[in-house]
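I have placed the structure first, in the form of structure tokens, so that the comments after it can refer back to it.
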Amino acid sequence: MAEFHQSRRKIIQLIFVAVFAVIAARLFYLQVVEKKYRQLANAQAIVRKLIYPTRGIIYDRHGHVVVNNTALYDLMVTPAEVKHLDTGFLCELLGIDTATFRERMEKIILRNSRYRQSVFAELLPPDIYGRIEENLYQFPGFELVERPVRNYPYHAGAHIFGYIGEVDSATIKRSQGFYQPGDFIGKTGLERSYENILRGQRGVAYLVRDSRNRIQGSYAGGMYDTPAVAGRSLYLSLDMELQQLGEQLLQNKIGSIVAIDPNTGGILAMVSSPTYDPNELSGAERNKKFSRLFTNPELPLFNRPIQATYPPGSTFKPVDALIALHEGVITPQYGYDCRGVYLGCGRPIRCTESFPGHASNLYNAIAYSCNSYFSQVFRFIVDKERRPALGLVEWHRYVSDFGLGKKLGIDLPGEYSGYIPDTAHYNKIFGRGHWNSCTIVSLGIGQGEITETPLQLANVMCIIANHGYYYTPHVVDSVEGDPDFYRRHLVLHRIAANVSDTDYDIVTRAMAAVVERGTATIAAIPGITICGKTGTAQNFTIINGKRVALKDHSLFAAFAPREHPRIAIAVVVENAGFGASWAAPIGSLMIEKYLRDSIATDRLPLLNRITQANLIPEYILEKKRRIDSLNQIRDKAEARHTAMR
């Protein structure tokens, strides 16, 4: 009986202990925990907000800001937090319908999950941003995040600078998680080549939000925040005023201009025409405008200076002259009795000049661009070894040494190599031993299978100006925070063929005669000795499945001044006829602007005539008219659809 009472007492004691423990726990909760839960009730969520860094600023050679940043806003969403949403009101503010809303949400959930913040609407125009900001508290799960976007104050240089766009899944995978959905990356131009330098580093801020979706401030005083790190700046060799002049001269024309400082390889101007205002691919309507540019038959997105390839035509003759002089197959006094046509290979090769003595020596032959002379000179080179295959191998070695048929390594993506035919090419076409110097004689006047980019043509002028060497062409001179960048990237290339200074002097003297009294007198500038060469390249296209001959391309290549060269330039104007008609005066105006910082008053009529000329072929204009008509129909349909919503 005593044991029973003792057991009962222990049970009662345990009950009292348990009750006391419950009371103590409750007191602790009321005095300690309750305060925390009250705070958490007032702050139901901690928002993880991405802070996008500003991309690096880009400056031209004079320190002018040519690419900077402005701010737009992305509307971000975390699907798991979207509750009790007035979908119709949000769609009204964004200018979309509910079907589009659902489609976007489904794609976000499928791609990024319900719990990761993702871009719902990017780069909101200011008016839409203002309306969303006023009413954001009504849209739980949504947030506005500032997005730095590119701004181009000079409205020029689109193909040099490139553009940025949202990363795709393949890029995210390759980056091993560095990039996230919604991040932007350089797609073309310097933005792509120098992405690692320009992009900076994302930051994160943790913010406290109350039950009404209103931001109350930083979480834990910003203890867990990570600041964004801005991208580093680039300093270019580019002369932005020269670039603007080039784009002005080539408006309503198809072609390109490349100007290089032969002393450094720095790009002074690189114009591709038709072009576009780079701001078009930076704002809220970026995708729509990209679509228009992409379908434009004038190909404004095509970077012609480094991607278009052309037969060099007569601009190639100075190279052949240097090879022939160095090989000893001609002297400067060698002449050819040209009567306006070359018949040495049994088929006529026409020359633009026929007056007596226009090819009486090398100086005159270059000055007046005699095709007969250089057809014969090319045959001398190839036939020197008595076996055309061996002669072509030597010629090919020389030409490759001048940077042709290979990429030069410019710091822009997408460079093409051009093409220089070799013995394998002709053996495949004609069979080994079944071709000779006459079979390929058109190479001597820059025709046939040989093609160059405008960049390569300008670089050849650098080599001639420097008497046998060049620096790797580049746009970026230096990078913020990298004092050794210039030294690492200023790479000198000396051509292997040991052409003498005497031979270079002979050819540059002849090229000066081109401008002083030859085919390019229109390019002459009083007080400046320009060494140049005009070119007229045959041009074919396919129209309705047929090969059609079009108006020749107009080319001009030059450097100046002859005594101490500061600029080398190549100009190509497609479908424009003789090199002297358009390319030569354009090149001359560019040289004058760079060397003298202005255009002389008496040359302004020439500037205006070129600027106002429209040289785009009619068949391309007709294609553009048809596409513009379709775009107008689509715009009207979209406007009606928007009005109905």
Tell me which donor-acceptor pairs under 3.5 Å the side chains of residues 254-265 have, and how far apart each pair is, sequence neighbours excluded?
from : atom 1 : to   : atom 2 : distance (Å)
D261 : OD1    : N263 : N      : 2.9
D261 : OD1    : N263 : ND2    : 3.1
N263 : ND2    : P565 : O      : 3.0
T264 : OG1    : G266 : N      : 3.0

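- Residues L404 and F316 form a side-chain contact, since some pair of their non-hydrogen atoms from C-beta on lies under 4.5 Å apart.
- For Y416, there are no side chain to side chain donor-acceptor pair (under 3.5 Å) partners, not counting sequence neighbours.
- Ring orientation note: the planes of H159 and Y276 are nearly perpendicular, at an angle over 60° on the 30°/60° scale.
- Side-chain atoms of T295 come within 3.5 Å of backbone atoms of S291 as a donor-acceptor pair (strictly under, hydrogens ignored).
- With a 4.5 Å cut-off on side-chain heavy atoms, E122 and R286 count as touching.
- Applying the salt bridge (charged side-chain N to carboxylate O under 4.0 Å, His left out) test to residues at least two apart or on different chains, none of the pairs has a partner in residues 266-283.
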Exercise for the section: Before giving the answer on side chain to side chain contact (heavy atoms under 4.5 Å, CB included), spell out for L234 and L236 the whole-Å C-alpha distance, their side-chain angles and the decisive distance to 0.1 Å. Expected result: CA-CA 6 Å; L234 302 181; L236 312 184; 4.2 Å; yes
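- With R131 contributing its side chain and L93 its backbone, the two residues share a donor-acceptor pair below 3.5 Å.
- No donor-acceptor pair under 3.5 Å is formed between the side chain of K533 and the backbone N or O of A558.
- Every residue two or more places apart in sequence or in another chain was checked for a side chain to side chain donor-acceptor pair (under 3.5 Å) with Y594, and none qualifies.
- The local environment of CD in E618 is crowded, with over 12 non-hydrogen atoms from other residues, nucleotides or ligands closer than 6.0 Å.
- The number of heavy atoms from other shown groups lying within 6.0 Å of CZ (R192) does not exceed 12.
- Applying the side chain to side chain donor-acceptor pair (under 3.5 Å) criterion to R174, with sequence neighbours excluded, gives T171.
- Pairs passing the side chain to side chain donor-acceptor pair (under 3.5 Å) check and including a residue from residues 238-247, sequence neighbours excluded, read H62-D239, E241-K593, Q243-E247.
- When all heavy atoms of V460 and F402 are compared, the pair lying nearest together is CG2-O, 3.7 Å.
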Problem - Working for side chain to side chain contact (heavy atoms under 4.5 Å, CB included), residues I463 and N459 - result: CA-CA 6 Å; I463 294 172; N459 193 63; 4.1 Å; yes
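- Checked by atom type, the side-chain pair S314/K317 shows a donor-acceptor distance below 3.5 Å.
- Without hydrogens or angle criteria, S588 side chain to A584 main chain gives no donor-acceptor distance under 3.5 Å.
- Between L249 and L589, the closest side-chain pair of non-hydrogen atoms falls below 4.5 Å.
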Handout entry: Full working for salt bridge (Lys or Arg N to Asp or Glu O under 4.0 Å) between D482 and R232
Key = CA-CA 10 Å; D482 188 353; R232 289 182 287 161; 5.1 Å; no
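- The salt bridge (charged side-chain N to carboxylate O under 4.0 Å, His left out) pairs that include a residue from residues 178-191 are R55-E191, R150-E191, D183-R202, where partners are two or more places apart or lie in different chains.
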Expected list for residues 566-573: side-chain donor-acceptor pairs under 3.5 angstrom, two or more places apart:
none

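- Within the structure, salt bridge (charged side-chain N to carboxylate O under 4.0 Å, His left out) pairs that include any residue of residues 159-173 do not occur (at least two apart or interchain).
- Checked against S233 for a side chain to side chain contact (heavy atoms under 4.5 Å, CB included), the options V65, I57, N68 give a single hit: I57.
- Proximity of L144 to D74: side-chain heavy atoms (C-beta onward) are nowhere separated by under 4.5 Å.
- Side-chain atoms of S237 never come within 3.5 Å of backbone atoms of L268 as a donor-acceptor pair (strictly under, hydrogens ignored).
- Shown here for R609 and W582, the closest heavy-atom pair between the two residues is NH1-CH2, 3.4 Å.
- Here the closest non-hydrogen pair linking A580 and I522 is O-CG2, 3.5 Å.
- With E146 contributing its side chain and Y52 its backbone, the two residues share no donor-acceptor pair below 3.5 Å.
- Under a 3.5 Å cut-off, the side chain of T451 and the backbone N or O of Y419 do form a donor-acceptor pair.
- H553 and Y310 have perpendicular rings, their planes meeting at more than 60° on a 0 to 90° scale where under 30° would count as parallel.
- In this structure, the side chains of V145 and Y73 stay at 4.5 Å or more apart for every pair of heavy atoms.
- In this structure, Y470 and H493 have parallel ring planes: the angle between them is below the 30° cut-off, well short of the 60° mark.
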Exercise for the section: Starting from the C-alpha separation in whole Å, work towards a yes-or-no answer on side chain to side chain contact (heavy atoms under 4.5 Å, CB included) for D477 and H474. Expected result: CA-CA 7 Å; D477 270 348; H474 58 275; 3.1 Å; yes
Exercise for the section: Decide side chain to side chain contact (heavy atoms under 4.5 Å, CB included) for V476 and Y235; before the verdict, give the C-alpha distance in whole Å, the side-chain angles of both, and the deciding distance to 0.1 Å. Expected result: CA-CA 6 Å; V476 176; Y235 300 86; over 6 Å; no
Side chains of residues 297-309: which donor-acceptor partners sit under 3.5 Å, not counting sequence neighbours?
from : atom 1 : to   : atom 2 : distance (Å)
R304 : NH1    : S273 : O      : 3.4
R304 : NH1    : L299 : O      : 3.3
R304 : NH2    : E298 : O      : 3.1
Q307 : OE1    : N303 : N      : 3.2
Q307 : NE2    : G414 : O      : 3.1

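- Scanning for side chain to side chain donor-acceptor pair (under 3.5 Å) contacts around D552 gives an empty result, with sequence neighbours left out.
- For the pairing with L75, the side chain to side chain contact (heavy atoms under 4.5 Å, CB included) check across L124, L123, V119 returns one residue only, L124.
- Within the 4.5 Å cutoff, side-chain heavy atoms of L94 are placed close to those of I132.
- Donor-acceptor pairing under 3.5 Å is recorded for the side chains of R199 and Y179.
- In this structure, F184 has no ring-ring contact (aromatic ring centres under 6.0 Å, His included) partners at least two apart in sequence or on a different chain.
- Between the side chain of S175 and the backbone N or O of I172, at least one donor-acceptor pair lies under 3.5 Å.
- Side-chain atoms of Q447 and P311, non-hydrogen and from C-beta on, do get closer than 4.5 Å to each other.
- Using modelled atom types, one side-chain atom of H489 and one backbone atom of F485 make a donor-acceptor pair closer than 3.5 Å.
- Nearest heavy atoms, F559 versus I464: CE2-CG2, 3.9 Å.
- The shortest side-chain heavy-atom distance between E415 and T453 does not fall under the 4.5 Å cut-off.
- For the pair K253 (side chain) and Q251 (backbone), a donor-acceptor distance under 3.5 Å is present.
- Side chains of S282 and N279: a donor-acceptor N/O pair is absent below 3.5 angstrom, by distance only.
- In summary, R626 and E622 engage in a salt bridge, as defined by a charged side-chain N under 4.0 Å from a carboxylate O.
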Handout entry: Verdict with supporting geometry, K107 and E103, salt bridge (Lys or Arg N to Asp or Glu O under 4.0 Å)
Key = CA-CA 6 Å; K107 286 183 178 179; E103 181 182 347; 3.4 Å; yes
